[in-house]
Number of protein chains: 2
Amino acid sequence: MAISLRSLPDKTVERLSQYRRNLLVCLSKGKQHIFSHEIASIHNITPVQVRRDLMLIGYTGTLRKGYDVKELIELIGTILDSRDGLKVCVVGVGNLGRSLISYFNGRRSKLTIVAGFDTNPEKVDKVYAGVHCYHFDKLTEVIQREGVTIAIITVPAEQSPHVAEHLVIAGVKGILNYTPKSVNVPPQVYLEEYDMITSLEKVSYFVKKNSGLE
Amino acid sequence: MAISLRSLPDKTVERLSQYRRNLLVCLSKGKQHIFSHEIASIHNITPVQVRRDLMLIGYTGTLRKGYDVKELIELIGTILDSRDGLKVCVVGVGNLGRSLISYFNGRRSKLTIVAGFDTNPEKVDKVYAGVHCYHFDKLTEVIQREGVTIAIITVPAEQSPHVAEHLVIAGVKGILNYTPKSVNVPPQVYLEEYDMITSLEKVSYFVKKNSGLE
DNA sequence: CTAACATTGTTATTTTTGTAACAACCAAAC
DNA sequence: GTTTGGTTGTTACAAAAATAACAATGTTAG
Ligand SMILES: NC(=O)c1ccc[n+]([C@@H]2O[C@H](COP(=O)([O-])OP(=O)(O)OC[C@H]3O[C@@H](n4cnc5c(N)ncnc54)[C@H](O)[C@@H]3O)[C@@H](O)[C@H]2O)c1
Ligand SMILES: NC(=O)c1ccc[n+]([C@@H]2O[C@H](COP(=O)([O-])OP(=O)(O)OC[C@H]3O[C@@H](n4cnc5c(N)ncnc54)[C@H](O)[C@@H]3O)[C@@H](O)[C@H]2O)c1
């Protein structure tokens, strides 16, 4: 299908992931069809935006009946998921890393966390929520053996550039960096960074502004 | 100052927060001046974008000498921070909530987590990283007594709309929702939502696409 | 002294994202 | 049957964000 080959807008990809998650909930409640305005209201966006996103992936609903929930879930699956799923590792099995491991695993069948890495001897060779924690020295070896393609970085901030460098050498194709220090990767590696402090400061700025403080 | 009153672009606010964080690191290393291309390279963006952001906040550097690190930090402070700081609470003291509490507190002097809330009796009236956890029933009372203006939601997803509703009633002015279920708030409350699953699926999509998989 | 250069600040352009407008359609009501 | 109404898919428009272009300026090299 030509459409799934051309790159979708970033934001559309994000929304598709969210649509799917909520569509699964709808399906489990026995809902078989859904209107664009229903999807929109779940996500607090406009129906037009929903229809536009679905247009981009070439899905056509039925007039006055809406979209077939199951079909749509499957179509989004063919777009977002890789056939055999992708393997993920977490570098830095601290507070945040452990939270993520215990939270993610088992939820998305196509994305599995298969390894953790840490430098702290107390964590190495322990198992967290079913995930083995290896020493950071084994990074390349384990990544290549297991065929890991995505890494989540949750080490102390100052370590993240160093960690990212090793991940690239080891051959991962995508990195999700939760450290407030941004990292540098070659263009063929997809990088997503998110900084919780920044988010909080942003909320704080707009709260200040809206409240007309000082 | 007229400039700080007009609303800055969302993305600029985010970047200012990040600039400041790294400028503080520079300052602690004794660096007194910095060029736009240096700031840019720290954040993997272009020097033009840095200059544009600084233009928007009305800061002027010195030609061939760059920006005064200390001055710039202070100016960003006057823009992002509220004079007396803002108080923050965390609703849902589970894995993620506790991570956030222990991570955030003490880092940003102007934003302090002053309370946690949970429904689980085992957590109520315990103290986590110096933060008292109250029963959810006390939400409004504590928020008003302490003057909390910002809330972070880290309860199980299906609870988040209910929690958000109570937070609005209690009078918070900003909400940061880490739940994958989005919530509805009146326009005077600033809402920021972030969904880690979506981020991971987005990385996965682009990894798949870049690798030319299937 | 002058030319070349590095760097800033600003305006113009392009790209991305979101919103609005509207034609097409078909089911139901009358 | 014809009209009404709700809903889709698409095109046209607007807003936000990023990038490029470039003038201004003062420092350094010759
Ligand atoms: N905890 C949070 O809620 C939170 C929130 C926002 C951002 N973050 C960011 O996430 C990162 C981790 O935070 P945390 O609270 O989990 O810290 P943490 O100290 O609990 O965990 C960090 C872990 O990384 C390990 N580590 C250190 N160097 C390493 C290396 N080179 N290779 C592999 N592992 C290494 C440490 O042994 C430790 O286990 C930090 O950069 C922080 O800024 C955390
Ligand atoms: N843990 C993670 O790394 C992670 C990652 C991404 C998203 N999230 C999201 O964060 C949320 C929490 O995740 P978690 O792993 O911390 O879960 P958790 O089960 O460890 O924690 C949830 C906490 O919320 C409390 N709670 C339940 N209902 C409540 C209510 N009405 N009011 C106040 N407290 C209530 C529970 O008692 C529990 O302590 C979830 O929505 C999850 O989707 C978590």
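Numbers restart at 1 for each chain; the letters A, B, ... are given by sequence-line order, proteins then strands. What you see is a predicted model; the values in this text were computed from it and never measured. Computed from heavy atoms alone, side chains included, the values below leave out hydrogens, waters and symmetry copies.
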- Hey, does the side chain of B/Lys70 reach the backbone of B/Leu27 with a donor-acceptor pair shorter than 3.5 angstrom? no
- Query: Which sits closer to the 5' end of DNA chain C, A/Pro9 or B/Pro47, going by the nucleotide each is nearest to?
  - Reply: B/Pro47
- When B/Lys65 and A/Thr12 are each assigned the nearest nucleotide of DNA chain C, the 5'-most assignment goes to B/Lys65
- Task: Would you grab the first and last nucleotide of DNA chain C (5' to 3') that comes under 4.0 Å of any non-hydrogen atom in chain B?
- Result: C/dC5 to C/dA12
Among all residues two or more places apart in sequence or in another chain, which pass the side chain to side chain contact (heavy atoms under 4.5 Å, CB included) test with [X]?
X	result
A/Asn95	A/Arg98, B/Ser99, B/Ser102
A/Asp195	A/Pro180, A/Ile197, A/Thr198, B/Gln18, B/Arg21
B/Val25	B/Lys29

- Those residues that, when tested against A/His33, pass side chain to side chain donor-acceptor pair (under 3.5 Å) (two or more places apart): none
- Hey, can you tell me if B/His162 and B/Phe136 have their rings parallel, tilted or perpendicular (30° and 60° cut-offs)? tilted
- Task: Measure the acute angle between the ring planes of B/Phe35 and B/His37, then classify it against the limits of 30° and 60° as parallel, tilted or perpendicular.
- Result: parallel
- Message: Once side chain to side chain donor-acceptor pair (under 3.5 Å) is applied, what residue pairs with a partner in residues 152-161 of chain B remain, sequence neighbours excluded?
- Response: none
- Note on the structure: In short, side chain to side chain donor-acceptor pair (under 3.5 Å) pairs touching residues 54-68 of chain B with sequence neighbours left out are B/Tyr59-B/Glu71
- Message: Under 4.0 Å, heavy atoms only, any strand: does B/Thr60 hit a base, just the sugar-phosphate, or nothing?
- Response: sugar-phosphate
- Item | Non-hydrogen side-chain atoms of A/Leu100 and B/Leu96 separated by less than 4.5 Å | no
- Note on the structure: Residue set satisfying salt bridge (charged side-chain N to carboxylate O under 4.0 Å, His left out) with A/Arg52, at least two apart, ordered chain then number -> none
- Note on the structure: The first and last nucleotides of DNA chain D lying within contact of chain B, meaning any atom under 4.0 Å from one of its heavy atoms, run from D/dA17 to D/dT27
Donor-acceptor contacts under 3.5 Å from residues 111-119 of chain B side chains, at least two apart:
{"from": "B/Asp118", "atom 1": "OD1", "to": "B/Asn120", "atom 2": "N", "distance (Å)": "3.0"}
{"from": "B/Asp118", "atom 1": "OD2", "to": "B/Val93", "atom 2": "N", "distance (Å)": "2.8"}

- For atom CD of B/Glu146, decide whether the heavy atoms of other residues, nucleotides or ligands shown that lie under 6.0 angstrom number more than 12. yes
- Task: Describe, as an angle rounded to 10 degrees, how the axis at the first end of the helix from C/dC1-D/dG30 to C/dC30-D/dG1 is tilted relative to the axis at the last end, five pairs per end.
- Result: 10°
- Query: Do any of residues 29-43 of chain B sit with a heavy atom less than 4.0 Å from DNA chain C, and if so which?
  - Reply: B/Phe35, B/Ser36, B/His37
